[in-house]
Amino acid sequence: MYALLDGNNFFVSCERVFRPSLKCRPVVVLSNNDGCAIARSEEAKALGIKMGAPYFQIRHLHDQAGLVALSANFTLYGDMSDRMHGLAAGMGPAQEIYSIDECFIGGLDGVRDVTRRARAIRERIHRGIGLPTCVGIATTKTLAKLANHVAKDAERKPGSYPVELAQVCNLAECPPEMQLHVLHQTPVGDVWGVGRRIARRLAELNICTALDLSRMPPAQARDQFSVVLERTVLELRGIPCIPLELEPPPKQQIACTRSFGMPITDLPPLVEAVSHFAQRAAEKLRAQGSRCGSLLVFAHSSPFRTNDPRFSESATVQLLQPSSDTAVLVTAAERGMRKIYRPGYRLAKAGVMLLDLSPQTREQSSLLPDDTTTTGRDQSALMEAMDQINQRWGKGTVSAGSAMKSGDWRMKQERRTPDYTTRLEDLPTARA
DNA sequence: TCTGGGGTCCTAGGACCC
DNA sequence: TCTGGGGTCCTAGGACCC
């Protein structure tokens, strides 16, 4: 038995905790660079704003309908997320943190009164940190996801489902007719693991609802699609195929990529940007205790500006030996960028990806006699000191020389809210 | 003028080996 | 003139997730 708990309109809800005036208003949170809407309040959804809608296309709704648009504040959301997951863990013996706003709880078979317990946890989260959540409970993760949809729909679309299912829906407790009804009401594209493409192909086979999909022969799902879809079919039938992942496996690649605040044509700001990306990526790399064997740098022009000349290049730089040293990675990133750079293009985005990750174990010295790369204890001690300083005093307190964050490649974030929960200066003040 | 970022897994096809 | 079969590894591309 699994439960899935997730925060409703998570980023918007985080913002509303500290600005109650945003309640009952249409609110969106924008992606980096204030590019497009990545979270919407119910009121914003009612205005017809789609997930991913470019901001410039919905900006007029500010005057027309009082839309409030905020820059993403991931520091705030990450901290609220930690608190939410901490409270959610009380629901059962095992927890998988699936994303910033969702977690699965497993091992519920031995837990008495699961539904009531889920309601109590929801209440505790709401009282404790002010976030609204919904919980779906079922025999498999895929069905728990589905139940979670039901809990949400029952709450916000009166009449769609019985009110008892609002906020917390335990599908396993529902009578069989209701279970069938739920599967029948769910479009196949809303099933976890079925995206737009596969939904379209399934529709050609006359498979349009979750119920239809659950009745597809698993072998056919495997032959005509993939083992992934076969698992989904089985999960919809109540046969668990996707286990709980208690500990996140170490990442196999680490990326840092950004769209620029304005188009870049010159080499120096590009080098500065990728140096910065390499530095950030190196921090993430060390945080999970890994080294990387190679690094990929890319840059491209805007795919949306069809009149501009197109540019899209990448270079993979092999390191002499695996490293997690900021200086080594920054140097490699710069080299890659100099290699792919061509003048005359308006570049919109660039990034660095660390590949061939392996665990940071013992020091391994180079076989090459004249390898001048600085290695060994001194360098890793320096990295450790850098990470600690930045952790204690804030990101970017110390940084590699070429990676200073000064240029106009920096992203636009014109409507960012304060770091209410992680910076003393931003602590909200309560007035009597 | 203005369109995000960071991941995973699976599959097909080619290279290579015996 | 005749030209196998089975396996592994790697990569690129597609699909999905939030």
Side-chain angles (χ1 to χ4, degrees), chain A residues 4 6-11 28-40 49-60 62 69-74 77-78 81 96-104 141-142 145 148-149 188-202 221-232 241-242 245 248-263 277 280-281 284-285 288 293-294 296 298 300-308 314 316 346 348-357 410-415:
Chain A
L4 175 76
D6 83 334
N8 304 350
N9 313 328
F10 188 70
F11 298 163
V28 293
V29 169
L30 302 173
S31 63
N32 278 337
N33 229 13
D34 293 346
C36 45
I38 53 171
R40 307 157 293 157
I49 298 173
K50 297 273 181 279
M51 190 64 171
Y55 178 47
F56 71 91
Q57 286 175 4
I58 56 173
R59 189 159 30 192
H60 64 278
H62 170 78
L70 301 170
S71 301
N73 182 345
F74 287 108
Y77 312 148
S81 169
E96 170 185 341
I97 296 182
Y98 178 65
S99 76
I100 193 162
D101 71 331
E102 287 172 74
C103 64
F104 287 101
K141 287 167 88 175
T142 304
K145 273 275 210 184
N148 181 276
H149 278 285
V188 74
D190 287 0
V191 173
W192 190 39
V194 179
R196 259 214 327 272
R197 294 301 247 283
I198 290 180
R200 213 162 42 210
R201 283 177 59 199
L202 285 170
R222 182 181 203 134
D223 292 346
Q224 295 184 19
F225 294 84
S226 69
V227 295
V228 181
L229 194 71
E230 183 190 26
R231 273 200 290 264
T232 301
C241 303
I242 308 173
E245 223 163 55
K251 296 196 193 322
Q252 299 170 32
Q253 60 179 56
I254 287 174
C256 185
T257 72
R258 287 285 178 281
S259 296
F260 300 132
M262 56 178 70
F277 301 154
R280 290 281 305 118
K284 296 189 210 172
L285 184 70
Q288 76 158 23
S294 60
L296 180 142
F298 74 86
H300 61 71
S301 54
S302 168
F304 301 104
R305 298 180 57 93
T306 42
N307 292 330
D308 283 6
S314 67
T316 305
R346 293 160 57 84
K349 181 173 177 174
V352 167
M353 296 166 102
L354 307 183
L355 311 169
D356 301 329
L357 305 198
R410 275 187 302 173
M411 63 182 173
K412 240 179 355 194
Q413 278 208 306
E414 288 167 351
R415 15 179 46 86

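So you know, we letter chains A, B, ... as the sequences are listed, proteins then strands, and number each from 1.
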> Which part of the nucleic acid does A/N32 contact within heavy-atom distance under 4.0 Å: base, sugar-phosphate only, or nothing?
Replying inline: sugar-phosphate
>> Within the structure provided, determine whether A/L285 and A/L357 are in side-chain contact (heavy-atom separation under 4.5 Å).
In response: yes
>> Can you list, in residue-number order, the parts of residues 222-229 of chain A that come under 4.0 Å of DNA chain B, counting heavy atoms only?
In response: A/S226, A/V227, A/V228
> Checking A/R59 against A/Y55: charged group under 6.0 Å from the ring centre and within 45 degrees of the axis?
Replying inline: yes
>> With nearest nucleotide decided by heavy atoms, which residue, A/A348 or A/I254, maps closer to the 5′ end of DNA chain B?
In response: A/A348
>> Within the 4.0 Å heavy-atom criterion, would you say A/R196 contacts the bases, only the backbone, or no part of the nucleic acid?
In response: sugar-phosphate
>> Using only atom types and a distance under 3.5 Å, with no angle test, would you say the side chain of A/K141 pairs donor to acceptor with the backbone of A/C241?
In response: no
> Of all residues at least two apart in sequence or in a different chain, which pass the side chain to side chain contact (heavy atoms under 4.5 Å, CB included) check with A/R222?
Replying inline: A/V227, A/E230
> What is the distance from atom CD1 of A/I58 to atom CD1 of A/I49, rounded to the nearest 0.5 Å?
Replying inline: 4.5 Å
> Base, sugar-phosphate, or nothing for A/K50, non-hydrogen atoms under 4.0 angstrom?
Replying inline: nothing
> A/D101 near the nucleic acid: base, sugar-phosphate alone, or nothing, with a heavy-atom cut-off under 4.0 Å?
Replying inline: sugar-phosphate
> At under 4.0 Å between heavy atoms, what does A/I100 touch on the DNA or RNA strands: base, sugar-phosphate, or nothing?
Replying inline: nothing
> Going by the angle between their ring planes, with limits at 30° and 60°, are A/Y98 and A/F104 parallel, tilted or perpendicular?
Replying inline: perpendicular
> Base, sugar-phosphate, or nothing for A/Y55, non-hydrogen atoms under 4.0 angstrom?
Replying inline: nothing
> How do A/K349 and A/R231 order along DNA chain B: which one's closest nucleotide is nearer the 5' end?
Replying inline: A/K349
> Considering residues at least two apart in sequence or located in another chain, which fulfil the side chain to side chain donor-acceptor pair (under 3.5 Å) criterion with A/Q413?
Replying inline: A/R416
>> Say we look at C/dC18 and B/dC2: how far apart would their C1' atoms be, to the nearest angstrom?
In response: 25 Å
> Hey, does A/V29 reach any base, or is it just sugar-phosphate, or nothing, if we go heavy atoms under 4.0 Å?
Replying inline: nothing
>> Using the rule given for side-chain contact (heavy atoms from CB on, under 4.5 Å), can you reason through A/V191 versus A/T142, listing the C-alpha separation, both sets of side-chain angles and the distance that settles it, and then say yes or no?
In response: CA-CA 7 Å; A/V191 173; A/T142 304; 4.1 Å; yes
> With A/S301, which residues qualify under side chain to side chain donor-acceptor pair (under 3.5 Å), at least two apart?
Replying inline: none
> Just the endpoints, please: which first and last nucleotides of DNA chain C, 5' to 3', lie under 4.0 Å from a heavy atom of chain A?
Replying inline: C/dA15 to C/dC18
> Are the side chain of A/N33 and the backbone N or O of A/F260 linked by a donor-acceptor pair below 3.5 Å?
Replying inline: yes
> Taking five pairs at each end of the helix from B/dG5-C/dC18 to B/dC18-C/dG5, what angle separates the two helix axes (nearest 10°)?
Replying inline: 10°
> Under 30°, 30 to 60°, or over 60°: which ring-plane class applies to A/Y77 and A/F10, parallel, tilted or perpendicular?
Replying inline: perpendicular
> For A/R201, which contact category applies under a 4.0 Å heavy-atom criterion: base, sugar-phosphate, or nothing?
Replying inline: nothing
